[in-house]
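Shown next, in structure tokens, is the structure this report addresses.
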Amino acid sequence: MTIRLPAPDGGLRTYEPRTDPLALAPAGPSASRTVFSAAHVVADPYADTTPDGPAAVDWDATLAFRRHLWSHGLGVAEAMDTAQRGMGLDWAGAAELIRRSAAEARAVGGRIACGAGTDHLPHGTPPALPRIRAAYEEQLAVVEESGAQAILMASRALAAAATGPEDYLDTYGHLLRQASEPVILHWLGPMFDPALDGYWGSADLDAATGTFLDVIAAHPDKVDGVKVSLLDARREVELRRRLPDGVRCYTGDDFHYPELIEGDEQGFSHALLGIFDPLGPLAARAVRALDTGDTKAFRKLLDPTVELSRHLFQPPTRYYKTGVVLLAWLAGHQDHFTMVGGLQSARSLPHLARAYELADGLGLFPDPALAESRMRSLLTVHGVPR
């Protein structure tokens, strides 16, 4: 059987789906790398909502997907940008997600870290720095009370209010002193969120890196690691080599993750990646190969996935979530292709068709016939003739 897929030039092309998915059985976590998948949320398709209204979440399906990730030995990075924080999921929804997921993690013995930020502050005029600190503290308390590790997310409010590096040093220093356990610091580049341009007090990345490292150096005992999402492998390696002993680098580079996780003679990156949402079982198997030093097996499994990742994360990068949810639907992890905030409309049909083709070619769909049937239904809705 073949399927006709739309091409970027406006025509149709023929694709023959594979019939032999990868056999990826559940297994325990890697011993050599700490690996988190930033997980998406599943919308409630029956809710009567609007794009700018509160998110309606299908909690059963959302938590089932997290159990899927844990079953393959991955940690879950919760309520991050993959979960549409600030792009459909407000703080009230995120707080509920954190509480529910943390409770589920305790029940199954899964590892979880959750994002704390300032996204409940009103939009418009940037608030004063004390209010930004208080907003961070409020969210940090929710995460810590849930029993999860905290990820201090980059703040749009702080990016707008800060007048220089000192404001970041003061704000983060205050928060790290308040944290009860070591946290993960998150540096999200403007390709993921344009409102974060100039974070750490400068648009010059060398200067920004210096401030970032100053924050860590002042409180190394309160920083478990740093999550870097700049899509710049060279810069990440340079940063990684300058971190204090005991502070991990979690790559957030969805373009260069195989080489960064493999590492070199001077070290390696752990991982906290959105692309590990659709790649979860395959990525987990690949990373476990590193436990025995089998770098060839690791790269053989993971290198072919980069083309799919680069496709999903192509500009505008922040809309990668649409492809992630499409693949979750095609893989059978949810019964519909609906997203909070209506974000299922954020990518073109040719883009989605190519995502299907690449994922199918990798053998990611446990039931290729189901994935093909669902892709056909999406094409039909868009008027593509059979």
Side-chain angles (χ1 to χ4, degrees), residues 33-38 75 77-82 85 113-117 149-156 158-159 165 168-169 172 175-176 182-220 222-264 266-277 283 287 302 306 309-310 312-313 317-318 320:
R33 305 288 191 276
T34 300
V35 180
F36 290 97
S37 166
E78 189 56 277
M80 304 293 290
D81 58 297
T82 305
R85 284 288 292 271
C114 301
Q149 183 179 19
I151 303 171
L152 290 184
M153 301 174 68
S155 163
R156 292 176 180 174
L158 181 56
Y168 289 89
L169 291 166
Y172 278 90
L175 294 170
L176 290 172
V183 307
I184 298 172
L185 296 181
H186 188 195
W187 186 356
L188 192 67
M191 67 289 293
F192 289 94
D193 187 343
L196 299 177
D197 192 27
Y199 212 73
W200 304 109
S202 177
D204 181 295
L205 288 178
D206 290 334
T209 299
T211 302
F212 188 45
L213 288 167
D214 286 345
V215 169
I216 300 162
H219 306 276
K222 287 296 188 76
V223 181
D224 164 72
V226 299
K227 195 267 192 182
V228 186
S229 299
L230 298 177
L231 303 183
D232 184 333
R234 177 193 60 80
R235 185 170 294 279
E236 179 175 321
V237 170
E238 291 176 355
L239 171 64
R240 186 174 75 198
R241 291 173 178 171
R242 296 170 65 185
L243 291 173
D245 291 342
V247 176
R248 298 182 176 98
C249 180
Y250 293 95
T251 186
D253 189 329
D254 299 280
F255 285 3
H256 308 98
Y257 50 93
E259 65 198 73
L260 291 165
I261 296 171
E262 178 186 357
D264 55 30
Q266 297 185 52
F268 55 82
S269 294
H270 300 270
L272 196 164
L273 288 160
I275 191 56
F276 280 8
D277 180 301
V287 173
L302 215 54
V306 173
S309 189
R310 285 177 175 265
L312 295 181
F313 285 79
T317 302
R318 61 190 180 277
Y320 76 88

How many angstroms lie between OG1 in T82 and CZ in F192, if you round to the nearest 0.5 Å? 8.5 Å
Donor-acceptor contact present, side-chain H270 to main-chain T34, <3.5 Å: yes
Taking only Lys NZ, Arg NE, NH1 and NH2, and the carboxylate oxygens of Asp or Glu, determine whether D253 and K227 approach each other closer than 4.0 Å. no
Hey, mind stepping through L175 and L152 against side-chain contact (heavy atoms from CB on, under 4.5 Å) and telling me if it holds? CA-CA 9 Å; L175 294 170; L152 290 184; 4.1 Å; yes
Please answer whether the main-chain N or O of L176 pairs with a side-chain N or O of K222 as donor and acceptor at a distance below 3.5 Å. yes
Should the pair R318-D193 be classified as a salt bridge under the 4.0 Å nitrogen-to-oxygen rule? no
In terms of side-chain geometry, is the basic nitrogen of R242 or E238 positioned less than 4.0 Å from the acidic oxygen of its partner? no
If you take all heavy atoms of L230 and G189, which pair is closest and at what distance? CD2-CA, 3.8 Å
Contact between D254 and T317 at the side-chain level, heavy atoms closer than 4.5 Å - yes or no? no
Straight-line distance of F268 CZ to L260 CG, nearest 0.5 Å: 12.5 Å
Qualifying residue, where the test is side-chain hydrogen bond (donor to acceptor under 3.5 Å, both in side chains) with S269 and the options are E262, E259, E236: E236
Would D224 and V247 satisfy side-chain contact (heavy atoms from CB on, under 4.5 Å), going step by step from the backbone distance to the final call? CA-CA 5 Å; D224 164 72; V247 176; over 6 Å; no
Side chain to side chain, L272 and T251, heavy atoms closer than 4.5 Å: no
Flag side-chain contact, heavy atom, 4.5 Å: L169 against V215: yes
Nearest 0.5 Å, please: how far is CE in M80 from CZ in R85? 8.5 Å
Can you tell if the side chain of Y257 reaches within under 4.5 Å of the side chain of I275, non-hydrogen atoms only? yes
CG (L188) and CZ (R156) are apart, to the nearest 0.5 Å, by 9.5 Å
Measuring centre to centre across the rings, with the benzene-like ring taken for any Trp, is F36 within less than 6.0 Å of F276? no
Using side-chain contact (heavy atoms from CB on, under 4.5 Å), reason through R33 and I261 one step at a time and then give a plain yes or no. CA-CA 8 Å; R33 305 288 191 276; I261 296 171; 4.0 Å; yes
Value rounded to 0.5 Å, distance of CG in D81 from CE in M153: 6.0 Å
Side chains of Y320 and D277: is there a donor and an acceptor less than 3.5 Å apart? no
Worked verdict on H256 versus R310 for side-chain hydrogen bond (donor to acceptor under 3.5 Å, both in side chains): CA-CA 9 Å; H256 308 98; R310 285 177 175 265; 3.2 Å; yes
Considering non-hydrogen atoms only, spot the tightest contact between C249 and R240 and give its length. CB-CG, 3.8 Å
Minimum-distance pair of heavy atoms, taken over all atoms of A195 and A159: O-CB, 3.6 Å
Looking only at heavy atoms, what is the nearest atom pair of I151 and H186, with distance? CG2-CB, 3.9 Å
Quick check: closest heavy atoms across A218 and P220, and the distance to 0.1 Å? C-CD, 3.6 Å
Just wondering, do D214 and F212 contact through their side chains at under 4.5 Å, heavy atoms? no
Roughly how far, to the nearest 0.5 Å, is CG of L243 from CG of L213? 6.5 Å
Minimum heavy-atom separation for L231 to G252, with atom names? CD2-O, 4.5 Å
Just list the side-chain donor-acceptor pairs under 3.5 Å for residues 198-208, sequence neighbours left out, or say none.
unit_1: Y199; atom_1: OH; unit_2: S155; atom_2: N; d: 2.9
unit_1: Y199; atom_1: OH; unit_2: Y172; atom_2: OH; d: 2.8
unit_1: S202; atom_1: OG; unit_2: D204; atom_2: N; d: 3.0
unit_1: D204; atom_1: OD1; unit_2: D206; atom_2: N; d: 2.9
unit_1: D204; atom_1: OD1; unit_2: A207; atom_2: N; d: 2.9
unit_1: D206; atom_1: OD1; unit_2: R235; atom_2: NH1; d: 3.0
unit_1: D206; atom_1: OD1; unit_2: R235; atom_2: NH2; d: 3.4

